[in-house]
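Beneath this line is the structure, given in structure tokens, with notes to follow.
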Protein chains: 2
Amino acid sequence: MGKRKRIPEEARREQILGAAFDVACRAGIGRLTVRAVAAEAGVSHALVLFHFGRKERLVHDLLDWVLDITSVLHISEDVARFPRARDRFHALLEQEVTRQSHQPEHTRLFLEYWALGTQHEEIRTRIAAELERYREAFRGIMADLIGEDPLLFPGATADGLSAVAVSWIQGCAVQALVAPDRFDTDTYLAALRGMMGRPGGEAGHHVETS
Amino acid sequence: MGKRKRIPEEARREQILGAAFDVACRAGIGRLTVRAVAAEAGVSHALVLFHFGRKERLVHDLLDWVLDITSVLHISEDVARFPRARDRFHALLEQEVTRQSHQPEHTRLFLEYWALGTQHEEIRTRIAAELERYREAFRGIMADLIGEDPLLFPGATADGLSAVAVSWIQGCAVQALVAPDRFDTDTYLAALRGMMGRPGGEAGHHVETS
DNA sequence: GTGGCTATTGACCAAACGGTCAATTTAAGA
DNA sequence: TCTTAAATTGACCGTTTGGTCAATAGCCAC
């Protein structure tokens, strides 16, 4: 056991945060302890506190780390290339629903952070900022959508529609997490398409993805 | 401090569960301790364990208790009296969105229970059952809705639509909890109405509530 | 009253927690 | 090589946790 401090500060933080992520996914943030993280990283628990000061900061930095690596709501080329806003929206929605269904662990983590946010100011503002970023990405597409066909959603604003879009994804994530066997992603997406798919005068179109 | 066991078993459980609810709302389930509950109820912490055995069972029974007193998704007379399924759906949706916005504490609690459900089998099945009950209530209205106008949501099933409806409410609850100042219930409901409000041939109708 | 049953309590316990600290090891600079 | 600053550790501490248990206080039948 002669190996020690080779690792240059930044990499150590990364290593510990990765271990913290594993522990949080396995046991939840509620049961995340400094000692468990240290054991997962293969270091002493004093070292974790040396690099992060308090446990509270470790948890907070873990939130930042997860949000960074998750690269939430990145509008890919596949989405942006659609000329019509409706198709872009469908593609983005399908992308996000599919992505979250492939990362169920993240949903659990975010659930706990959302709950924590009601008490810790720092966490709440961080989450609120991310939520705002998330909604903002939809807002542009929604504004285009209303612009293309003002009669499509009478009385609805881009703000309202983007909030609804976020609800779709959040609600899908939660239901898939709580009762995976009772929740079918395809059926869900089909319902969303049917709900959005009233063309202003055209018919028989559909979004191609893959 | 001479007062003791007057309370007849059932009432004691109720009293303790009420105290547990207050503690859970104030500090979260993560920080709920047997001693904190006992202090809130004004009894010794040994008595709490005498009535509930383990802390785990206290937390589980609290979930049942909360779900009972919340009377989730009760289809009121005001909703049922609408002859058209579309109006019933709008009314029910508005009722649920409004109700949850008046009980933000419950949302936080359920968030934590959802996260806990990923690890505790008992909690997960209990939540899944409640979610199923919730979706079931929407499914009937959704089936009627499709029956009234099969072309309204092409390709969508009652199952898919009810899942979407649940998403609306869950997503609304989460967003209102995470960033209350950035979330406007009226704008959200207006967007939902605009999204659902494509009459098959009629126009200018709206749902009256209150 | 009085005896017995049970709800209730305070004291106690082992474990785990977050956090501190002096002591050691390591890498790098002189 | 010697020095120096930083990284790392094991030992330790005070607190809190869930849980147990013998003792006790209240209530009912008699």
Side-chain angles (χ1 to χ4, degrees), chain A residues 1-24 26-63 112-113 116 119-120 122-123, chain B residues 1-24 26-63 112-113 115-116 119-123:
Chain A
M1 307 171 183
K3 294 188 178 179
R4 273 209 188 184
K5 90 160 173 192
R6 279 177 163 174
I7 304 188
E9 164 85 35
E10 193 71 14
R12 256 280 130 87
R13 279 183 58 95
E14 194 77 11
Q15 173 196 7
I16 294 176
L17 284 172
F21 177 72
D22 291 339
V23 171
R26 188 190 326 131
I29 302 179
R31 300 189 180 184
L32 181 144
T33 67
V34 178
R35 283 175 159 86
V37 172
E40 181 77 24
V43 298
S44 69
H45 86 281
L47 186 64
V48 176
L49 289 167
F50 173 80
H51 282 284
F52 291 89
R54 295 168 296 174
K55 175 194 176 182
E56 189 182 355
R57 187 153 306 176
L58 170 65
V59 173
H60 181 264
D61 289 1
L62 176 61
L63 174 59
E112 291 197 74
Y113 272 115
L116 279 176
Q119 289 171 328
H120 293 66
E122 287 188 71
I123 293 179
Chain B
M1 313 179 178
K3 293 187 179 180
R4 275 209 187 183
K5 90 161 170 186
R6 281 180 163 172
I7 304 188
E9 165 85 35
E10 192 69 14
R12 256 280 134 87
R13 277 182 60 95
E14 194 76 10
Q15 173 197 5
I16 294 176
L17 283 172
F21 177 72
D22 291 340
V23 171
R26 188 190 326 131
I29 301 179
R31 300 191 180 185
L32 181 143
T33 67
V34 178
R35 284 175 158 85
V37 172
E40 181 77 23
V43 298
S44 69
H45 87 279
L47 185 64
V48 176
L49 288 168
F50 173 79
H51 281 284
F52 290 88
R54 293 168 297 172
K55 175 193 177 185
E56 190 181 353
R57 188 152 306 177
L58 170 65
V59 173
H60 181 265
D61 289 1
L62 175 61
L63 173 60
E112 291 198 75
Y113 272 115
L116 279 176
Q119 291 171 329
H120 294 65
E121 184 70 26
E122 288 188 70
I123 293 180

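Since we're looking at a predicted model, the values are computed, not measured. In what follows, chains carry the letters A, B, and so on, assigned in the order in which the sequence lines appear, proteins first and then strands, with residues in each chain numbered from 1.
Between R31(B) and dT17(D) there is no side-chain N or O to OP1 or OP2 distance below 4.0 Å.
Pairs engaging residues 41-51 of chain B under the salt bridge (charged side-chain N to carboxylate O under 4.0 Å, His left out) rule: none recorded [sequence neighbours left out]. Evaluation of the salt bridge (charged side-chain N to carboxylate O under 4.0 Å, His left out) test over residues 37-47 of chain B, restricted to residues two or more places apart or in two chains, returns R26(B)-E40(B).
Within residues 43-62 of chain A, the residues that have a heavy atom under 4.0 Å from DNA chain D are, in order of number, V43(A), S44(A), H45(A), A46(A), L47(A), F50(A), H51(A).
Annotation: side chain to side chain contact (heavy atoms under 4.5 Å, CB included) contacts of A39(A) (sequence neighbours excluded): none. With sequence neighbours excluded, no residue forms a side-chain hydrogen bond (donor to acceptor under 3.5 Å, both in side chains) with E10(B). Residues passing the side chain to side chain contact (heavy atoms under 4.5 Å, CB included) test with E56(A), sequence neighbours excluded: R54(A), H120(A).
Across the protein-nucleic acid pair, E10(A) atom CD and dA6(D) atom C1' stand 16 Å apart, rounded to whole Å. Regarding R35(A), its CZ atom lies at a distance of 14 Å from the P atom of dT9(D), rounded to whole Å.
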